[in-house]
Amino acid sequence: MWKRIASLSPLVSSSKSTLPNQASYGLNIWKSLSTGICTPVRYGNLLKEKTPFITFVLGGPGSGKGTQCIKIAQTFGFTHLSAGDLLRREILSNSEDGTMILNTIKEGKIVPSEVTVKLIKKEMESSENYKFLIDGFPRSEENRIAFERIIGAEPNVVLFFDCPEEEMVKRVLNRNEGRVDDNIDTIKKRLKVFSSLNLPVIGYYSKRGKLRTINAVGTVDEIFEQVRAVFTECEAMK
Ligand SMILES: Nc1ncnc2c1ncn2[C@@H]1O[C@H](COP(=O)(O)OP(=O)(O)OP(=O)(O)O)[C@@H](O)[C@H]1O
Ligand SMILES: Nc1ccn([C@@H]2O[C@H](COP(=O)(O)O)[C@@H](O)[C@H]2O)c(=O)n1
Ligand SMILES: [Mg+2]
C-alpha cells in the first residue's frame with residue numbers, strides 16, 4: 001500500500017560521495033571552525049562572531065530527523081533548530097499567527113515562509129553558537145528562497161534521511177507525543193506534500209553538490225554512524 005520514495009533515486013544519485021560544496025565556501029568555513037577568530041562577521045543578514053556553519057536536515061515525516069539532530073548536537077556542538085518545534089512553540093505562545101499555524105499543521109500543509117524564516121532568524125541571532133542544524137527546513141522552494149532572501153545565506157551541507165513510506169508511517173503512528181498531525185489522515189497529506197514540495201528542494205541541493213543522503217532504515221545508532229561519517233569527513237577537510 002505504501003510506496004517507497006523510489007522517485008528519490010534519480011534526484012539524489014549523484015549525492016553520495018559529494019563533499020559539501022568544497023569548491024566554494026565549505027572548506028573555508030570548516031577552517032574557521034578551528035581558528036577561533038572572534039572578530040564579528042556579517043554573514044548575510046546575521047552578525048556573528050564566527051562565520052555560521054548551516055546544516056539543513058531534510059527527510060519525510062518520521063524519517064528520524066529530530067532523533068538524529070539531538071545526537072548530532074550533542075556530539076558535534078551544533079544548535080538544533082527544528083522548524084516544526086518553533087512553529088508549535090508559536091502556537092502555544094498565543095501569537096497572532098498561532099491559529100493559522102495550528103490549522104496549517106493539522107492539514108499537513110506548509111506555513112507561509114516569512115513566518116517560519118523569521119522564527120529561525122530570531123533563534124540564530126540570539127544564539128551564541130555559530131553551528132546550526134535547521135531541522136525540517138526548507139520544506140519547499142518557497143521556503144528555500146525566503147531563507148536566502150531573509151537570512152542572506154545558504155546551507156553548507158544538507159542531510160537527507162531517506163526512508164520508505166511504510167517505515168515513516170509506522171514510526172509516526174507509534175510516536176505518541178500528542179502531536180495534532182500524528183494521525184493517519186494527516187500523515188497521508190504530509191507524505192504528499194513531502195513528495196510534491198520537498199523532493200524538488202532535495203534535488204536542487206543534490207545538483208549543487210551539497211546533499212548527503214543517509215539510509216534512514218536501521219537502529220538509531222546505526223544511522224548515526226553514517227551521520228558521524230559525514231561530519232567527520234567535513235572536519236577532516238580543515
Ligand atoms: N531508527 C529508528 N528506528 C525506529 N524508530 C525510530 C528511529 N529513529 C527515530 N525513531 C522514532 O520514530 C519517531 C519519529 O522520529 P523523529 O521524531 O525523529 O522523526 P522526524 O523526522 O523528526 O519526524 P517529523 O518530521 O514528523 O518531525 C519517534 O518516535 C522516534 O523515536
Ligand atoms: N519548514 C516547515 C516545517 C514545518 N512546517 C509545518 O509543521 C509541521 C510539522 O513539522 P515537523 O518538521 O515537526 O514534522 C509540518 O507538517 C508543517 O505543517 C512548515 O510549515 N514548514
Ligand atoms: Mg521532527
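First listed ligand is number 1; within each ligand, the first listed atom is number 1.
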Give yes if a backbone or side-chain nitrogen or oxygen of [X] is under 3.5 Å from a nitrogen or oxygen of ligand 2, and no if not.
{"X": "R88", "result": "yes"}
{"X": "V111", "result": "yes"}
{"X": "S82", "result": "no"}
{"X": "D135", "result": "no"}
{"X": "D85", "result": "no"}

Taking a cutoff of less than 4.0 Å between a non-hydrogen atom of the residue and any ligand atom, is [X] in contact with ligand 1?
{"X": "S82", "value": "no"}
{"X": "G62", "value": "yes"}
{"X": "S63", "value": "yes"}
{"X": "G59", "value": "no"}
{"X": "T219", "value": "yes"}

Between [options], which one has a non-hydrogen atom sitting closest to [atom]?
{"atom": "atom 6 (C) of ligand 2", "options": "L58, L87, V117", "result": "L87"}
{"atom": "atom 14 (O) of ligand 2", "options": "K189, R144, R179", "result": "R179"}
{"atom": "atom 11 (P) of ligand 2", "options": "R139, E177, R190", "result": "R139"}
{"atom": "atom 13 (C) of ligand 1", "options": "R171, E177, M168, R88", "result": "R171"}
{"atom": "atom 18 (O) of ligand 1", "options": "T67, D181, L173", "result": "T67"}

Between [X] and ligand 1, is there a nitrogen or oxygen pair with a distance under 3.5 Å?
{"X": "G64", "answer": "yes"}
{"X": "G218", "answer": "yes"}
{"X": "K65", "answer": "yes"}
{"X": "R179", "answer": "yes"}
{"X": "R139", "answer": "no"}

Is it true that a side-chain atom of [X] and a backbone atom of [Y] form a donor plus acceptor pair closer than 3.5 Å?
{"X": "Q68", "Y": "V220", "value": "yes"}
{"X": "D162", "Y": "N215", "value": "no"}
{"X": "K131", "Y": "F76", "value": "yes"}
{"X": "T75", "Y": "K71", "value": "yes"}
{"X": "N129", "Y": "G77", "value": "yes"}
{"X": "E167", "Y": "P164", "value": "no"}
{"X": "S206", "Y": "I202", "value": "no"}
{"X": "K65", "Y": "G59", "value": "yes"}
{"X": "K121", "Y": "I150", "value": "no"}

Taking the basic N atoms (NZ, or NE/NH1/NH2) and the acidic carboxylate oxygens, is any pair closer than 4.0 Å for [X] and [Y]?
{"X": "K109", "Y": "D181", "result": "no"}
{"X": "E114", "Y": "R149", "result": "yes"}
{"X": "E125", "Y": "K122", "result": "no"}

Would I91 and I105 satisfy side-chain contact (heavy atoms from CB on, under 4.5 Å), going step by step from the backbone distance to the final call? CA-CA 10 Å; I91 296 169; I105 288 180; 4.1 Å; yes

For D135 and H80, run side-chain contact (heavy atoms from CB on, under 4.5 Å): C-alpha distance rounded to whole Å, both residues' side-chain angles, the deciding distance at 0.1 Å, then the answer. CA-CA 7 Å; D135 163 6; H80 174 203; 2.9 Å; yes

For [atom], what's the nearest protein heavy-atom neighbour? Residue, atom name and distance, please.
{"atom": "atom 3 (C) of ligand 2", "result": "G136 O, 3.3 Å"}
{"atom": "atom 18 (O) of ligand 2", "result": "K109 O, 2.6 Å"}
{"atom": "atom 28 (C) of ligand 1", "result": "R175 CD, 4.0 Å"}
{"atom": "atom 7 (O) of ligand 2", "result": "I105 CG1, 3.6 Å"}
{"atom": "atom 22 (O) of ligand 1", "result": "G66 N, 3.0 Å"}

Using a 6.0 Å cut-off, check whether atom NZ of K118 has over 12 heavy atoms from anything other than its own residue. no

Under 4.0 Å to a heavy atom of G60 - the qualifying atoms of ligand 1, by number: 21 (O)

Should you measure from each heavy atom of [X], which atoms of ligand 2 turn up under 4.0 Å away?
{"X": "F137", "value": "1 (N)"}
{"X": "A83", "value": "1 (N), 3 (C)"}
{"X": "G84", "value": "10 (O), 13 (O)"}

Once the angle between the rings of F78 and F53 is folded into 0 to 90°, is it parallel (under 30°), tilted (30 to 60°) or perpendicular (over 60°)? perpendicular

Please work out whether the ring planes of F147 and F137 are parallel, tilted or perpendicular, with thresholds of 30° and 60°. tilted

Residue part near ligand 1, for I223, under 4.0 Å between non-hydrogen atoms: side chain

